[in-house]
Every structure is written in C-alpha cells, then in structure tokens.
Protein chains: 2
Amino acid sequence: MTDAAADPDTPPVPPPSPWNRARPARVSGAPARPALTRGRIVDAAFTVLDREGYEGLTMRRVAAVLGVTVSALYAHVSSKDELVELMYTRLFDGFTMPAPDPERWQEQVREYAHFGRRRLTEHRDMARISMAHAPFTAELLPHVEGVLAIFRAAGLPDRIAAEAGDLISTYIDGFVLEESLWQDRMAAHGGDGSAGGGSGDGRGMAEQMRDYLASLPAEDFPHLHALAGLMVTDSSDDRFDIGLEIILRGLASYLPDERREGAENGKDGKGENDKKDKS
Amino acid sequence: MTDAAADPDTPPVPPPSPWNRARPARVSGAPARPALTRGRIVDAAFTVLDREGYEGLTMRRVAAVLGVTVSALYAHVSSKDELVELMYTRLFDGFTMPAPDPERWQEQVREYAHFGRRRLTEHRDMARISMAHAPFTAELLPHVEGVLAIFRAAGLPDRIAAEAGDLISTYIDGFVLEESLWQDRMAAHGGDGSAGGGSGDGRGMAEQMRDYLASLPAEDFPHLHALAGLMVTDSSDDRFDIGLEIILRGLASYLPDERREGAENGKDGKGENDKKDKS
DNA sequence: GGTCGCGGGAGAACAGTGTTCACCGCTGGC
DNA sequence: GCCAGCGGTGAACACTGTTCTCCCGCGACC
C-alpha cells in the first residue's frame with residue numbers, strides 16, 4: 001500500500017530542528033508508539049480488512065491493531081463511513097493519468113484498467129468498497145478528468161466519451177467484485193475439501209466451479225455445459241482482457257473512419273475477419 | 001414487486017370451501033393474520049427496504065411489519081443473508097428468456113437489459129443487493145443459460161459469448177447502483193435545500209450535480225467542465241442506452257462479416273453523425 | 001518554578017444489530 | 001378429554017457504531 005508520508009494531515013512538515021523538538025521522545029520503556037494520525041488509522045484499517053474481510057472491518061478491531069481504544073479513533077475520523085471513504089481514496093494514490101496520446105488511446109485505457117484491477121485485488125474485499133463509492137470527491141476528480149481527456153483526444157463524440165469513463169470503471173469494479181465473490185463462496189462451503197492449502201491461489205476453486213457447471217445436464221443447459229471451461233478459468237486475466245477488449249471495440253466503432261485504422265485489431269489481431277470492415 | 005399469489009409456498013390454494021374451513025377464523029377481535037410463510041416475509045422485507053433503505057433493512061423491522069417477533073422469522077428463514085438472497089431471487093420472477101432469434105439478438109439483449117434495469121429500480125437499493133450476489137443459484141441458472149443461448153445463436157465466438165453475459169449483467173447492476181448512489185448523496189447533504197418535495201423525482205438533484213461539475217475551474221478540469229451537461233442528465237435512460245450500445249457494438253465486432261450487416265447501426269445511425277435526431 | 005490549559009486518549013455507557021434459547025398457547029388427531 | 005407438537009413469544013447473548021465523561025501528561029504562561 002502507499003506510504004504514510006503521503007498523508008494530507010502531515011504535509012511537508014520540515015524535519016524537526018534539534019532544538020525545539022516538540023516531544024522529548026518518551027523517556028522510559030514505554031512502547032513509544034508514534035502519534036495517532038488519519039494515515040496510521042487507515043493503514044490499520046487495511047490490515048484488519050485483509051485479515052477479517054469487509055464484514056469483519058470493525059472500529060474496535062482497528063483500534064486494537066493500533067493498541068488504542070475505540071474512542072481515540074473518533075478524534076481523527078468522524079465515522080466509520082469516513083474511514084472507509086479514506087480507504088477508497090487510497091485506491092488512486094500514486095497513479096497519475098498520462099497525457100492523452102490519440103495514437104495510443106486504447107493502450108492507455110488498458111494500462112489504466114490494469115492498474116485499477118491490480119489495486120483492487122491487492123486488498124481483500126476492496127472491490128466492494130470501491131463499488132459503493134463514486135469518485136466525486138475532490139481528490140479523485142483529477143482522475144476522472146484524465147480519463148475523459150484520453151477519450152476526447154482520441155476523437156470520440158462527447159456523448160460517448162461522457163459515458164465511457166463510467167463504463168470502464170463499472171467494468172473494473174464489477175469484474176473484481178465478482179471474482180472475489182466466487183472466492184468467498186468457495187471458501188465458505190466446501191473450501192478445503194480437497195488436499196492442500198485451503199485459502200490458496202484459487203486453482204482448486206476454479207476446478208470445483210468448472211466441474212459444477214460441466215455437471216449440469218446437457219439437455220437442460222447446453223450452453224452453460226459447453227462453455228463451462230471458458231466461463232471460469234484458472235487465471236481471470238484473460239477473461240478480464242476479453243471484456244475490456246469488447247468495450248474498447250465498441251468505443252472504437254464511434255471513431256471517424258480515418259481514425260479507426262488499426263483500432264479494432266488493437267491487441268490480438270484475430271477475430272477472424274473484423275478488419276477491412278467498411279472497406 | 002411481484003404479487004404474493006405467485007409465491008411458491010402458497011400454490012394455487014383453492015378458495016377454502018365453507019365447510020371444512022381449516023381455521024375457525026379467529027373468533028374474537030384478533031387481527032386474524034394469515035400464516036407466516038417465506039413469501040410473506042420476503043414481501044415484508046421489501047416494504048422495509050423501500051421505506052428505510054438497505055441500511056435500515058433489519059430483522060426486527062421486518063418482524064414489526066408482520067406484527068410478529070424477530071425469532072418467529074428464524075423459523076422460516078435461517079439468517080438475514082438467506083432472506084436477502086430470497087429477495088435477490090425475486091428479481092427474475094416472471095421473466096422468461098425468449099428463444100434466441102439470430103436476426104434480432106441485439107434487440108433481445110436490449111429487452112433483457114431494460115427489464116433488468118426496471119426491476120432494479122423498482123425497489124430502493126435493490127442494485128446494491130443484486131451486485132453482491134451472483135446468479136448461480138439453481139433458480140437463476142436458466143436465465144444465464146438463456147442469455148448465453150442468445151449470444152451463441154447470434155454467432156459470437158464462444159470465448160466472447162462466455163464473457164458477454166457477465167459484462168451485460170455487471171453493466172446493468174453497476175449503472176443502477178451508481179444512479180442510486182447519486183440520489184442518496186444528494187438526499188443526504190443539501191437534500192431539501194430548495195423548495196418543494198425533498199425526496200422527489202431527482203430533477204433538482206441532477207441540476208445540483210450538473211451545476212457542481214460546471215462550476216469546476218475550466219482551466220483545471222476542461223473536460224469535466226465541458227461535459228457536465230452530458231454526464232448527468234435529467235433522465236438516465238439515454239445514458240443507459242448509450243452504454244448498452246457501446247457494449248453491443250463491441251460484441252457485434254466479433255461477428256463474421258456476413259452477420260454484421262445492419263449490426264452497427266442497430267438502433268441509431270452509425271459513427272460520428274449519429275445525433276441529428278434531436279429535432 | 002509553579003500553575004494553568006488543554007488536547008489526546010481511556011473507559012464506560014447507550015441504542016441498536018443478528019441470532020439463539022427456553023418457554024407456552026393453541027391447534028389437530030387420537 | 002387428553003396429548004403431541006407446531007408456531008410464535010420474550011428474554012438473553014455477543015456484538016456493532018457512536019458518544020459521554022473523566023483524567024493524565026505535556027507545553028505554555030506568569
């Protein structure tokens with residue numbers, strides 16, 4: 001996660017001059033814990049989130065991680081909702097939108113999406129938090145602006161560009177959320193039925209799910225039965241890229257003809273025949 | 001919401017013949033409430049949801065609506081999670097997937113999406129519930145199968161068809177969820193600042209949001225500033241259709257050429273000049 | 001140097017949550 | 001008429017977010 005040094009509460013804050021040092025550094029053997037700040041509280045909240053999940057994210061547990069009582073938190077954070085919102089804001093920390101390059105707009109969107117997904121998967125249940133919040137706080141508006149800039153520079157009509165940002169964000173959040181829901185469900189009932197590390201990398205879970213879908217009666221569910229192997233894969237990376245590509249192609253279809261050159265076969269040239277369209 | 005008569009717990013249930021009436025109809029002035037069933041509990045949960053929102057959806061409140069104690073609920077429902085899952089299942093009640101028609105696949109998907117959005121908007125915070133659940137319960141698999149059937153019949157490659165269903169569902173849920181989040185946020189701070197009914201139809205809220213975006217400094221946020229009028233509109237219907245169309249175009253780009261005829265201009269004209277209706 | 005101010009944290013309390021448990025009252029069947 | 005048992009009751013438990021009062025320990029001030 002991001003460094004606590006980026007915390008807005010402690011701006012540049014020049015190094016404390018040796019004279020006039022504010023606090024004499026706790027003489028005796030006390031734990032000498034650093035001062036409580038919003039940044040440290042958010043850090044603690046993330047360790048609780050990773051360990052207990054979103055349902056287990058509790059003010060009391062956050063306080064316990066810091067070795068502090070609950071009420072101490074409320075001196076720095078007005079409510080749990082605000083704390084969760086601060087966690088949400090961290091999602092975009094350290095990512096600066098690149099300057100729009102009309103030649104590479106699809107690549108730029110892919111990079112943005114991949115960064116978003118990585119950030120979302122870094123912390124358990126983070127997608128649930130992200131989904132419930134809209135990026136309309138002051139710190140997050142620049143990112144929305146950056147995405148908009150890429151789409152408009154690429155030449156998309158305004159009506160489409162205005163919608164494209166939401167579409168991409170929703171896709172990223174929704175994809176990761178669903179991903180994590182599967183893991184939860186698998187871990188819940190029948191989690192460690194097989195041998196080996198229970199909460200592991202999800203390989204066993206994918207197999208279980210695939211087997212379940214494949215076990216559906218082929219006469220009732222022919223397509224589910226047939227596509228079982230494609231709907232749940234060992235790595236979700238391919239599935240994520242496919243969905244992203246569908247959206248990018250849809251967006252590209254709104255480009256003026258002269259800009260569409262090389263657009264539709266942006267990443268993998270296949271899709272057996274979709275070039276030379278409108279020739 | 002669906003009629004209680006469609007409840008699986010109380011099938012056709014012929015009118016009680018005057019003789020042999022099961023229960024003597026509660027002699028004295030007692031309310032003579034009907035028997036508690038899962039269906040009636042879910043109905044009550046929906047009225048609580050509509051009145052109090054998802055945060056206020058409480059077992060005690062559900063019990064109060066039924067004039068019953070909390071513990072009585074647990075005789076029919078094993079947990080609150082199960083109750084919410086039952087509510088989620090109602091989403092698809094009364095919708096049967098049409099038989100796939102390759103000539104009309106885009107229209108069929110649009111109908112499915114519009115139905116889904118309508119259902120989601122019918123109950124407050126329903127999108128939040130839908131988003132947190134995956135349609136992999138036994139009752140919901142037929143719908144997934146139906147969507148898959150449409151995509152495969154249209155001629156989409158299997159890899160794409162497998163992803164398309166998720167993509168559409170995620171879009172619907174995400175769109176409605178974001179829609180409702182805006183309403184909540186607007187209602188929360190500054191809700192009834194203006195005159196007239198506070199919780200109303202959202203016209204005033206859209207204006208507020210648009211004004212906020214338009215008020216951003218144009219030098220820092222040129223695109224957000226310029227597109228304010230497009231990003232938040234009085235009616236979200238157009239925005240929903242635009243996003244849906246982007247996805248459909250992306251999917252269509254994977255069709256073999258001979259099937260793409262008439263695909264890209266499925267609803268409104270293609271490319272850069274697809275406005276010019278707006279008469 | 002002594003005193004004051006005061007801010008940050010402690011601890012208890014409140015209202016409300018999901019869930020469970022022992023207890024009945026009433027009904028239908030014998 | 002009796003009895004079993006279902007279905008609902010009310011109290012309890014272990015939590016939750018949030019708030020209130022109190023107090024310690026430090027820096028600043030006279």
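Protein chains get the first letters and strands the later ones, always in sequence-line order, with residue 1 at the start of each.
- Note: B/Phe115 and B/Phe95 have parallel aromatic rings, judged against thresholds of 30 and 60 degrees for the angle between ring planes.
- Residue A/Ala75 is classed as having no contact, given no heavy-atom separation below 4.0 Å to the nucleic acid.
- The side chain of A/Thr69 approaches C/dG11 more closely than any other nucleotide in the set C/dT19, D/dG8, C/dG11.
- Going from atom CG of A/Leu73 over to atom C1' of C/dG9 covers 10 Å, rounded to whole Å.
- Atom CD in B/Glu55 sits roughly 12 Å away from atom C1' in C/dT17 (whole-Å rounding).
- OP1 or OP2 of C/dG9 has at least one side-chain nitrogen or oxygen of A/His76 nearer than 4.0 Å.
- B/Thr58 comes within 4.0 angstrom of the backbone, heavy atoms only, and of no base.
- Here B/Leu83 lies out of heavy-atom contact (under 4.0 Å) with every strand.
- A salt bridge does not link A/Glu122 with A/Arg90: every distance from a Lys NZ or Arg NE/NH1/NH2 to an Asp or Glu carboxylate oxygen is 4.0 Å or more.
- Ion pairing between a basic and an acidic side chain is recognised when a charged N comes within 4.0 Å of a carboxylate O; A/Asp166 and B/Arg239 show such pairing.
- A ring-centre distance under 6.0 Å is not found for A/Phe136 and B/Tyr212.
- Straight-line distance from the CG atom of A/Leu36 to the C1' atom of C/dA10: 13 Å, rounded to whole Å.
- Remark: P of D/dA11 and CE of B/Met59 are 19 Å apart, rounded to the nearest angstrom.
- Look at CD on A/Glu52: it is 12 Å from P on D/dC15, rounded to the nearest Å.
- Using a cutoff of 4.0 Å between basic side-chain nitrogens and carboxylate oxygens, A/Glu82 and A/Arg38 are scored as salt-bridged.
- Within 3.5 Å, a donor on the side chain of B/Ser71 pairs with an acceptor on the base of D/dG10, or the reverse.
- Atom C1' of nucleotide D/dG10 and atom OH of B/Tyr74 are separated by 15 Å, given to the nearest angstrom.
- D/dG7 atom C1' lies 16 Å from atom CZ of B/Arg38, rounded to whole Å.
- We find that NZ of A/Lys80 is positioned 15 Å from P of D/dC15, with the value rounded to whole Å.
- Residue B/Arg60 places a side-chain atom within donor-acceptor reach of the base of C/dG18, judged by atom type and a 3.5 Å distance cut-off alone.
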